[in-house]
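Beneath this line is the structure, given in structure tokens, with notes to follow.
Because the structure is predicted, anything quoted here is derived from the model rather than measured. Just the heavy atoms: all of them, side chains too, but no hydrogens, waters or symmetry mates, feed the values below.
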Amino acid sequence: DQYIRLSQLNDQIQDTINASFKGQKYWVVADITNHSFKADKKIHYFELVEKAETGSTITAKIMGKSWGAGALKILHFEITTGQRFTNNLHVLIQLSVDYHPLYGLSVNLLDIDSNFMMGILEQQRNSTLARLVRENDFIQKVGDGYSTFNSKLKLPAVIQKVAVISSSSSAGNEDFRHTMQHNDFGYVFKIDDYYTVVQGDNNAKLFLNKLIEIYNTGIPYDAIVINRGGGSQSDFLIFDNYNIGRAVAKFPIPVITGIGHQKNVSITDLMAHTHTKTPTKAAEFIIAHNSSFEQEMRSLQQNIVIKSQQLFHVHYKELSEL
């Protein structure tokens, strides 16, 4: 009987594939799954999958890897978009086809399109905003901004009692506390911390539970402050969550955001009463708000003194004449 060894068969497959795909590059749209990164060798391993439009059924799958120049392209992608290269990303990538007698068929990632990812994130954000307006009568689009039940609330003349939602290890929250407690005016604040995870869209329910907890305490807080320091764009996806945006828009206590992203404004920012760029800026806003009230009181005090002096002068003159 005629036979060949497996290695011979694999060599033939390799020769055939190399003859057909050598030097060829393809731009492909696919989803990333089963991603791992070997930091010591700077190699990414992953699977590329394509899913049917009607559901989660996988219609195509292939193993992938990237190293060297390809790994540098991934690093550039992460820096540009703020999005980690990880599972469940829908990406546009440039590939070459490779077959190895031992490891089988796979593709090599040569490049990745950052603009494609930015477009997807923006589409998701716009879709969530449109849904918030469509499904909730307490949210209206006004020009380039949004009017919500929360944004229409009037801040107390003086903010003293504050509930803060943040991470227990947040340096940004420490900055907030320091700014509040060491203000130049000597204002005293009562700050209650409600710690939770403030990154990752999959932690949205934990964040939402903190809002509910604050509401259920019945404590008459003057304001709620949402704090988070800096991070990658993917860390802030939790603040583009539909349920969090809706809860903030409907919350009966003014919400001030101090979410430390510099590139754009999150949905939570748009739904809140006031949004600031960082936790420190949130503290400065509150202090400035109180200072404005104090200045108003000092102005009234000065007017009372002036009016009293004028009135006394008139009557003193009349009394002297008598």
With ring centroids as reference points, do Phe37 and Phe85 lie under 6.0 angstrom apart?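 No: the rings miss the under 6.0 Å criterion.
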
Without swapping roles, check the side chain of [X] against the backbone of [Y] for a donor-acceptor pair under 3.5 Å.
X: Asp98; Y: Val107; result: no
X: Thr80; Y: Phe77; result: no
X: Ser151; Y: Ser147; result: no
X: Thr276; Y: Ala282; result: yes
X: Asn136; Y: Leu132; result: yes
X: Asn150; Y: Phe251; result: yes
X: Thr128; Y: Gln124; result: yes
X: Ser167; Y: Ser169; result: yes
X: Asp193; Y: Tyr195; result: no

Determine, for Tyr45 and Lys65, whether the Lys NZ or Arg CZ falls below 6.0 Å from the six-membered ring centre while staying within 45 degrees of the axis.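 The answer is no; the distance or angle limit is not met.
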
Do Arg131 and Tyr242 meet the cation-pi criteria used here (NZ or CZ under 6.0 Å from the six-membered ring centre, within 45° of the axis)?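 Here Arg131 passes the 6.0 Å and 45° test against Tyr242.
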
Output all residues satisfying ring pair (Phe, Tyr, Trp, His ring centres under 6.0 Å) with His275, sequence neighbours left out; order by chain, then residue number.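 Not a single residue meets the ring pair (Phe, Tyr, Trp, His ring centres under 6.0 Å) criterion with His275.
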
Closer than 4.0 angstrom, basic N to acidic O: yes or no for Arg177 and Glu174?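 Judged by the 4.0 Å cut-off on N to carboxylate O distance, Arg177 and Glu174 do not form a salt bridge.
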
Salt-bridge test for Lys161 and Asp192: reply yes if a basic N is under 4.0 Å from a carboxylate O, no otherwise.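 Salt bridge absent between Lys161 and Asp192.
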
What I want to check is whether the side chains of Asn34 and Glu47 have a donor and an acceptor closer together than 3.5 Å.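 Yes, Glu47 and Asn34 have a side-chain donor paired with an acceptor closer than 3.5 Å.
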
Any luck finding a side-chain donor-acceptor pair between Ser266 and Asp240 under 3.5 Å?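 The criterion, which ignores hydrogens and geometry beyond distance, is not satisfied for Asp240 and Ser266.
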
Pairwise distance CD1(Ile226) to CZ(Phe176) - rounded to 0.5 angstrom: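 That separation rounds to 11.5 Å.
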
The test is side chain to side chain donor-acceptor pair (under 3.5 Å); show your working for Thr278 and Thr280 and say whether it passes. CA-CA 5 Å; Thr278 63; Thr280 300; 4.7 Å; no

Whether His90 and Phe116 hold their rings parallel, tilted or perpendicular, with breakpoints at 30° and 60°: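 The arrangement is tilted - the two ring planes meet at 30° to 60°.
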
All pairs passing side chain to side chain donor-acceptor pair (under 3.5 Å) where residues 289-306 contributes a residue, at least two apart: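 Counting only pairs at least two positions apart or across chains, the side chain to side chain donor-acceptor pair (under 3.5 Å) contacts touching residues 289-306 are Tyr187-Glu294, Glu294-Arg298.
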
Do the side chains of Ser96 and Leu110 get nearer than 4.5 Å, heavy atoms only?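 Leu110 reaches Ser96 side chain to side chain.
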
Test side chain to side chain donor-acceptor pair (under 3.5 Å) on Asn173 and Ser166; report intermediate values, then the result. CA-CA 7 Å; Asn173 192 47; Ser166 70; 3.2 Å; yes

